[in-house]
Amino acid sequence: MGRGELSAAPLPRSFFDRPSHEVAPDLLGRVLVHGPVAVRLTEVEAYGGPGEDPAAHTYRGRTPRNAVMFGPPGHLYVYFTYGMHFCANLVCLPEGSGSAVLLRAGEIITGLDEARARRAPALAPDGRGPATGKAKVVPDRDLARGPARLAVALGLLREHNGLDAIWEGSPAALPPLAEDGTGHGTEDGTGHGTGHAAWLTGLPHGFAAVLEGRPAGPGTIRSGPRTGVSTAKDTPWRFWVGDDPTVSPYRVHVPRRRSSAATSVGEAPSS
DNA sequence: CCTCAGATTTACT
DNA sequence: GTAAATCTGAGGT
(Lines give C-alpha, C1' and ligand atoms only; values in the text may rest on other atoms or scores of the structure.)
Protein backbone atom coordinates (compact mmCIF):
# COMPACT_ATOMS: atom_id res chain seq x y z
CA MET A 1 0.00 0.00 0.00
CA GLY A 2 1.49 3.34 -0.85
CA ARG A 3 1.16 5.43 2.20
CA GLY A 4 2.26 9.00 2.38
CA GLU A 5 5.20 10.33 4.24
CA LEU A 6 4.95 10.72 7.98
CA SER A 7 6.04 14.08 9.33
CA ALA A 8 8.36 13.95 12.33
CA ALA A 9 7.58 17.53 13.33
CA PRO A 10 6.57 17.63 16.99
CA LEU A 11 3.09 18.84 17.89
CA PRO A 12 3.04 21.94 20.13
CA ARG A 13 1.38 21.99 23.51
CA SER A 14 -1.39 24.20 22.11
CA PHE A 15 -2.55 21.19 20.06
CA PHE A 16 -3.82 19.66 23.30
CA ASP A 17 -5.21 22.89 24.74
CA ARG A 18 -8.67 22.10 23.34
CA PRO A 19 -11.64 19.97 24.42
CA SER A 20 -10.76 16.29 24.30
CA HIS A 21 -13.53 15.52 21.79
CA GLU A 22 -11.85 17.96 19.38
CA VAL A 23 -8.33 16.72 20.02
CA ALA A 24 -9.30 13.04 19.71
CA PRO A 25 -10.18 12.86 15.98
CA ASP A 26 -7.23 15.13 15.21
CA LEU A 27 -4.91 12.61 16.86
CA LEU A 28 -5.75 9.89 14.32
CA GLY A 29 -2.74 9.36 12.08
CA ARG A 30 -0.42 11.15 14.50
CA VAL A 31 2.61 9.37 15.89
CA LEU A 32 3.37 8.78 19.57
CA VAL A 33 7.02 8.03 20.33
CA HIS A 34 8.37 6.57 23.53
CA GLY A 35 11.98 5.52 23.45
CA PRO A 36 12.67 3.26 20.47
CA VAL A 37 9.01 2.56 19.65
CA ALA A 38 6.70 4.79 17.62
CA VAL A 39 2.99 4.15 17.01
CA ARG A 40 0.67 5.69 14.41
CA LEU A 41 -2.61 6.18 16.27
CA THR A 42 -5.68 4.62 14.66
CA GLU A 43 -8.21 4.58 17.51
CA VAL A 44 -8.81 6.93 20.45
CA GLU A 45 -11.53 7.92 22.90
CA ALA A 46 -12.26 11.34 24.44
CA TYR A 47 -13.09 11.70 28.12
CA GLY A 48 -14.52 14.89 29.61
CA GLY A 49 -14.05 16.71 32.86
CA PRO A 50 -15.51 16.50 36.36
CA GLY A 51 -19.26 16.57 36.60
CA GLU A 52 -19.79 16.45 32.85
CA ASP A 53 -18.74 12.95 31.77
CA PRO A 54 -19.90 10.07 33.98
CA ALA A 55 -17.56 7.69 32.12
CA ALA A 56 -14.46 9.73 32.94
CA HIS A 57 -12.09 8.99 35.80
CA THR A 58 -12.36 12.66 36.77
CA TYR A 59 -16.17 12.66 36.99
CA ARG A 60 -16.14 12.84 40.79
CA GLY A 61 -13.17 15.15 41.06
CA ARG A 62 -9.50 14.85 41.73
CA THR A 63 -7.96 11.75 43.33
CA PRO A 64 -4.35 10.60 43.64
CA ARG A 65 -4.81 8.37 40.61
CA ASN A 66 -6.26 10.94 38.22
CA ALA A 67 -4.24 13.96 39.42
CA VAL A 68 -2.22 14.11 36.20
CA MET A 69 -5.41 14.73 34.23
CA PHE A 70 -5.79 17.99 36.17
CA GLY A 71 -2.30 19.07 35.17
CA PRO A 72 -1.19 20.91 32.03
CA PRO A 73 -2.03 19.52 28.56
CA GLY A 74 0.30 17.30 26.58
CA HIS A 75 1.29 15.01 29.44
CA LEU A 76 0.71 11.26 29.60
CA TYR A 77 -1.89 9.97 32.05
CA VAL A 78 -1.03 6.29 32.56
CA TYR A 79 -3.35 4.36 34.87
CA PHE A 80 -3.54 0.81 36.14
CA THR A 81 -6.82 -1.05 35.70
CA TYR A 82 -8.44 -4.46 36.07
CA GLY A 83 -5.64 -5.38 38.42
CA MET A 84 -3.11 -6.00 35.68
CA HIS A 85 -3.25 -3.58 32.76
CA PHE A 86 -1.92 -0.11 32.04
CA CYS A 87 -3.63 2.32 29.67
CA ALA A 88 -2.28 5.62 28.34
CA ASN A 89 -4.01 8.96 27.74
CA LEU A 90 -2.94 12.40 26.59
CA VAL A 91 -4.15 15.27 28.80
CA CYS A 92 -6.22 18.04 27.19
CA LEU A 93 -7.36 21.56 28.09
CA PRO A 94 -5.60 23.93 30.51
CA GLU A 95 -4.39 22.93 33.94
CA GLY A 96 -7.27 22.18 36.29
CA SER A 97 -9.71 20.91 33.62
CA GLY A 98 -9.37 17.15 34.06
CA SER A 99 -9.94 15.73 30.59
CA ALA A 100 -7.90 13.50 28.29
CA VAL A 101 -7.87 11.25 25.25
CA LEU A 102 -7.46 7.50 25.78
CA LEU A 103 -5.11 5.90 23.23
CA ARG A 104 -6.83 2.69 22.16
CA ALA A 105 -4.92 1.32 19.18
CA GLY A 106 -2.28 2.00 16.58
CA GLU A 107 0.23 0.66 14.10
CA ILE A 108 3.86 0.16 15.10
CA ILE A 109 6.01 2.41 12.91
CA THR A 110 9.47 2.03 14.44
CA GLY A 111 10.88 -0.29 17.07
CA LEU A 112 9.00 -3.27 15.67
CA ASP A 113 11.42 -5.75 17.20
CA GLU A 114 11.16 -4.08 20.59
CA ALA A 115 7.36 -4.10 20.42
CA ARG A 116 7.27 -7.77 19.39
CA ALA A 117 9.51 -8.71 22.29
CA ARG A 118 7.36 -6.81 24.79
CA ARG A 119 4.19 -8.43 23.48
CA ALA A 120 5.59 -11.95 23.25
CA PRO A 121 3.54 -14.53 25.19
CA ALA A 122 4.61 -14.96 28.79
CA LEU A 123 6.52 -18.06 29.71
CA ALA A 124 4.94 -20.76 31.79
CA PRO A 125 5.61 -20.57 35.54
CA ASP A 126 8.25 -23.29 35.23
CA GLY A 127 10.01 -21.28 32.57
CA ARG A 128 10.07 -24.15 30.11
CA GLY A 129 8.50 -22.16 27.35
CA PRO A 130 5.25 -20.52 26.29
CA ALA A 131 2.41 -21.38 28.67
CA THR A 132 0.53 -23.24 25.98
CA GLY A 133 3.47 -25.23 24.75
CA LYS A 134 2.86 -23.84 21.31
CA ALA A 135 5.12 -21.08 20.10
CA LYS A 136 2.41 -18.60 19.31
CA VAL A 137 3.37 -15.34 17.70
CA VAL A 138 1.40 -12.13 18.11
CA PRO A 139 0.50 -10.86 14.64
CA ASP A 140 2.02 -7.45 13.95
CA ARG A 141 -1.41 -5.92 13.47
CA ASP A 142 -2.29 -6.93 17.05
CA LEU A 143 0.83 -5.49 18.68
CA ALA A 144 -0.95 -2.27 19.69
CA ARG A 145 -4.58 -3.28 19.00
CA GLY A 146 -6.27 -2.30 22.27
CA PRO A 147 -5.34 0.22 24.97
CA ALA A 148 -3.46 -2.15 27.29
CA ARG A 149 -1.66 -3.76 24.37
CA LEU A 150 -0.66 -0.34 23.07
CA ALA A 151 0.77 0.56 26.48
CA VAL A 152 2.79 -2.66 26.55
CA ALA A 153 4.12 -2.17 23.03
CA LEU A 154 5.22 1.36 23.91
CA GLY A 155 6.68 0.27 27.23
CA LEU A 156 4.41 2.64 29.18
CA LEU A 157 4.15 1.79 32.88
CA ARG A 158 3.13 3.41 36.15
CA GLU A 159 6.41 5.29 36.30
CA HIS A 160 5.55 7.12 33.05
CA ASN A 161 2.39 8.65 34.49
CA GLY A 162 2.79 12.40 34.08
CA LEU A 163 5.56 12.19 31.49
CA ASP A 164 5.53 15.21 29.19
CA ALA A 165 4.83 14.24 25.56
CA ILE A 166 5.63 17.66 24.12
CA TRP A 167 8.99 18.28 22.51
CA GLU A 168 9.93 21.73 23.73
CA GLY A 169 13.49 21.80 22.54
CA SER A 170 14.67 23.16 19.24
CA PRO A 171 13.29 21.27 16.23
CA ALA A 172 16.89 21.06 15.09
CA ALA A 173 17.59 18.88 18.12
CA LEU A 174 15.42 16.18 16.60
CA PRO A 175 17.40 13.65 14.59
CA PRO A 176 17.22 13.87 10.81
CA LEU A 177 14.71 11.64 9.10
CA ALA A 178 17.13 8.95 8.09
CA GLU A 179 15.61 6.85 5.37
CA ASP A 180 17.88 3.84 5.32
CA GLY A 181 15.31 1.30 6.45
CA THR A 182 18.01 -1.24 7.13
CA GLY A 183 17.15 -2.03 10.70
CA HIS A 184 13.39 -2.15 10.36
CA GLY A 185 10.71 -2.87 7.86
CA THR A 186 11.26 -6.57 7.50
CA GLU A 187 7.91 -7.73 6.23
CA ASP A 188 6.11 -10.75 7.45
CA GLY A 189 2.59 -12.01 7.41
CA THR A 190 0.41 -8.96 7.44
CA GLY A 191 1.87 -7.47 4.33
CA HIS A 192 1.43 -3.91 5.48
CA GLY A 193 4.89 -3.25 6.81
CA THR A 194 6.17 -1.15 3.97
CA GLY A 195 9.72 -0.56 5.07
CA HIS A 196 9.09 2.36 7.37
CA ALA A 197 11.83 4.89 7.65
CA ALA A 198 14.18 4.48 10.55
CA TRP A 199 13.75 8.04 11.69
CA LEU A 200 13.84 8.64 15.40
CA THR A 201 16.06 5.66 16.07
CA GLY A 202 18.61 8.09 17.45
CA LEU A 203 16.28 9.51 20.09
CA PRO A 204 17.13 8.72 23.70
CA HIS A 205 15.11 6.18 25.61
CA GLY A 206 12.66 7.39 28.21
CA PHE A 207 11.22 10.38 26.43
CA ALA A 208 7.86 10.76 24.80
CA ALA A 209 6.73 12.96 21.91
CA VAL A 210 3.72 13.32 19.65
CA LEU A 211 4.56 13.99 16.01
CA GLU A 212 2.48 15.35 13.16
CA GLY A 213 2.60 12.05 11.33
CA ARG A 214 0.00 11.96 8.58
CA PRO A 215 -3.42 13.14 9.84
CA ALA A 216 -6.26 10.86 8.86
CA GLY A 217 -8.42 12.31 6.11
CA PRO A 218 -11.78 13.57 7.33
CA GLY A 219 -13.49 11.05 5.08
CA THR A 220 -11.72 8.15 6.76
CA ILE A 221 -12.61 9.06 10.36
CA ARG A 222 -15.44 7.13 12.01
CA SER A 223 -17.01 7.72 15.40
CA GLY A 224 -19.30 5.91 17.80
CA PRO A 225 -19.94 5.06 21.44
CA ARG A 226 -16.94 4.40 23.63
CA THR A 227 -15.87 0.81 24.27
CA GLY A 228 -16.37 -0.91 27.57
CA VAL A 229 -18.08 1.95 29.38
CA SER A 230 -21.32 1.41 31.25
CA THR A 231 -22.51 5.02 31.17
CA ALA A 232 -22.88 7.80 28.61
CA LYS A 233 -23.61 5.27 25.89
CA ASP A 234 -25.05 8.02 23.70
CA THR A 235 -21.83 10.03 23.64
CA PRO A 236 -20.03 9.12 20.37
CA TRP A 237 -16.54 9.96 21.56
CA ARG A 238 -14.74 6.91 20.20
CA PHE A 239 -12.90 7.83 17.00
CA TRP A 240 -11.10 5.47 14.65
CA VAL A 241 -9.67 5.21 11.14
CA GLY A 242 -12.14 3.34 8.97
CA ASP A 243 -10.96 0.02 7.55
CA ASP A 244 -7.66 0.10 9.39
CA PRO A 245 -6.73 -3.43 10.51
CA THR A 246 -5.15 -2.22 13.75
CA VAL A 247 -8.42 -0.81 15.13
CA SER A 248 -9.64 -2.92 18.04
CA PRO A 249 -12.94 -4.81 17.82
CA TYR A 250 -15.80 -2.92 19.45
CA ARG A 251 -17.20 -4.53 22.55
CA VAL A 252 -20.29 -3.45 24.40
CA HIS A 253 -19.78 -3.14 28.13
CA VAL A 254 -20.81 -6.36 29.85
CA PRO A 255 -20.71 -6.34 33.65
CA ARG A 256 -19.05 -9.53 34.72
CA ARG A 257 -20.50 -11.42 37.61
CA ARG A 258 -17.91 -12.61 40.09
CA SER A 259 -17.65 -16.36 40.01
CA SER A 260 -17.57 -16.74 43.78
CA ALA A 261 -20.33 -14.24 44.43
CA ALA A 262 -23.73 -15.47 45.48
CA THR A 263 -25.88 -16.13 42.49
CA SER A 264 -29.14 -14.31 42.24
CA VAL A 265 -32.05 -15.90 44.04
CA GLY A 266 -35.27 -16.86 42.37
CA GLU A 267 -34.11 -15.53 39.03
CA ALA A 268 -35.34 -17.57 36.15
CA PRO A 269 -32.75 -17.89 33.39
CA SER A 270 -33.89 -16.11 30.27
CA SER A 271 -33.10 -18.15 27.20
C1' DC B 1 -15.57 -17.21 13.70
C1' DC B 2 -17.75 -16.97 18.51
C1' DT B 3 -18.57 -16.77 23.83
C1' DC B 4 -16.97 -17.70 28.50
C1' DA B 5 -14.36 -17.09 32.69
C1' DG B 6 -10.12 -16.01 35.20
C1' DA B 7 -6.54 -12.88 36.65
C1' DT B 8 -6.18 -9.08 40.22
C1' DT B 9 -5.57 -3.51 41.87
C1' DT B 10 -7.89 0.57 42.66
C1' DA B 11 -11.50 3.68 43.97
C1' DC B 12 -15.81 4.44 45.51
C1' DT B 13 -20.45 2.96 47.78
C1' DG C 1 -18.15 -5.38 48.85
C1' DT C 2 -17.86 -4.86 43.92
C1' DA C 3 -17.53 -2.60 39.39
C1' DA C 4 -14.07 -1.13 36.42
C1' DA C 5 -11.77 3.15 29.95
C1' DT C 6 -9.04 -5.19 29.68
C1' DC C 7 -6.60 -9.24 27.73
C1' DT C 8 -5.95 -14.04 27.17
C1' DG C 9 -6.56 -19.02 26.46
C1' DA C 10 -9.91 -22.62 26.13
C1' DG C 11 -13.42 -24.66 23.87
C1' DG C 12 -17.64 -24.63 20.98
C1' DT C 13 -19.87 -23.37 16.33
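Residue numbering restarts at 1 for every chain, and letters A, B, ... go by the order of the sequence lines.
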Next item on the list: Could you name each residue pair satisfying ring pair (Phe, Tyr, Trp, His ring centres under 6.0 Å) that touches residues 83-121 of chain A, not counting sequence neighbours?
Entry: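 Found A:Phe80-A:Phe86.
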Between [N] atom [atom2] and [X] atom [atom1], what is the distance in whole Å?
{"X": "A:Phe80", "N": "B:dA11", "atom1": "CZ", "atom2": "P", "result": "11 Å"}
{"X": "A:Arg251", "N": "C:dA4", "atom1": "CZ", "atom2": "C1'", "result": "18 Å"}
{"X": "A:Asp142", "N": "C:dG9", "atom1": "CG", "atom2": "P", "result": "11 Å"}
{"X": "A:Arg104", "N": "C:dA5", "atom1": "CZ", "atom2": "P", "result": "11 Å"}

Next item on the list: Scan residues 150-159 of chain A against DNA chain C and write down, sorted by residue number, each residue with any heavy atom closer than 4.0 Å; if none is found, say none.
Entry: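 Contacts with DNA chain C under 4.0 Å: none.
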Note to self: Counting only heavy atoms and a strict 4.0 angstrom limit, can you tell me which residues of residues 56-75 of chain A come near DNA chain C?
What the structure shows: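 Listed by number, they are A:His57, A:Met69.
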Can you find a heavy atom in the side chain of [X] that is under 4.5 Å from one in the side chain of [Y]?
{"X": "A:Thr231", "Y": "A:Tyr59", "answer": "no"}
{"X": "A:Leu211", "Y": "A:Leu6", "answer": "no"}
{"X": "A:Asp17", "Y": "A:Pro94", "answer": "yes"}

Item checked: Base of C:dA5 and ring of A:Tyr79 stacked, centres under 5.5 Å, planes under 30° ->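 The ring of A:Tyr79 is not stacked on C:dA5.
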Rest of the hydrophobic cluster containing [X] (Ile/Leu/Val/Met/Phe/Trp/Tyr, side-chain heavy atoms under 4.5 Å)?
{"X": "A:Val247", "value": "A:Trp240"}
{"X": "A:Met84", "value": "none"}
{"X": "A:Phe70", "value": "none"}

Checklist line | Dot-bracket encoding of pairs in DNA chain B, which uses [ ] for pseudoknotted crossings and | for another strand, Watson-Crick or G-U under 3.5 angstrom | finding: |||||||.||||.
Next item on the list: Check A:Cys87 against A:Leu102 and note the closest heavy-atom contact, atom names and distance.
Entry: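 Looks like CB-CD1, 3.9 Å.
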Next item on the list: Could you say whether A:Val138 or A:Val229 is positioned toward the 5' end of DNA chain C, judged by the nucleotide with the nearest heavy atom to each?
Entry: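 Result of the comparison: A:Val229.
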Scan [X] against the nucleic acid and name what it touches under 4.0 Å (heavy atoms): base, sugar-phosphate only, or nothing.
{"X": "A:Ala55", "value": "base"}
{"X": "A:Arg119", "value": "sugar-phosphate"}
{"X": "A:Arg149", "value": "sugar-phosphate"}

Margin query: Enumerate the side-chain hydrogen bond (donor to acceptor under 3.5 Å, both in side chains) contacts for residues 72-84 of chain A, please, sequence neighbours excluded, ordered by first and then second residue.
Written below: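 Passing the test, one end in residues 72-84 of chain A: A:His57-A:Tyr77.
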Checklist line | Residue pairs fulfilling side-chain hydrogen bond (donor to acceptor under 3.5 Å, both in side chains) with at least one residue in residues 216-226 of chain A, sequence neighbours excluded | finding: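 Passing the test, one end in residues 216-226 of chain A: A:Asp53-A:Arg226.
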Item checked: Under the side chain to side chain contact (heavy atoms under 4.5 Å, CB included) test, residues paired with A:Pro249 that sit two or more places apart ->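 Residues passing side chain to side chain contact (heavy atoms under 4.5 Å, CB included) with A:Pro249: A:Arg145, A:Arg251.
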Scan the side chains in residues 20-28 of chain A for donor-acceptor partners under 3.5 Å anywhere in the protein, sequence neighbours excluded, and list what turns up.
residue : atom : partner : partner atom : Å
A:Ser20 : OG   : A:Tyr47 : O            : 3.0
A:Asp26 : OD1  : A:Arg30 : NH2          : 2.9
A:Asp26 : OD2  : A:Arg18 : NH2          : 3.0

Note to self: With the threshold set at under 4.0 Å for non-hydrogen atoms, list the residues of residues 84-103 of chain A touching DNA chain B in residue-number order.
What the structure shows: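 Heavy-atom cutoff 4.0 Å gives A:Met84.
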Item checked: Salt-bridge contact A:Asp164-A:Arg13 (side-chain N to carboxylate O under 4.0 Å) ->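 Judged by the 4.0 Å cut-off on N to carboxylate O distance, A:Asp164 and A:Arg13 do form a salt bridge.
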Next item on the list: For the pair A:His34 and A:His160, name the ring-plane relationship: parallel under 30°, tilted 30 to 60°, perpendicular over 60°.
Entry: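 If you compare the ring of A:His34 with that of A:His160, the planes turn out perpendicular.
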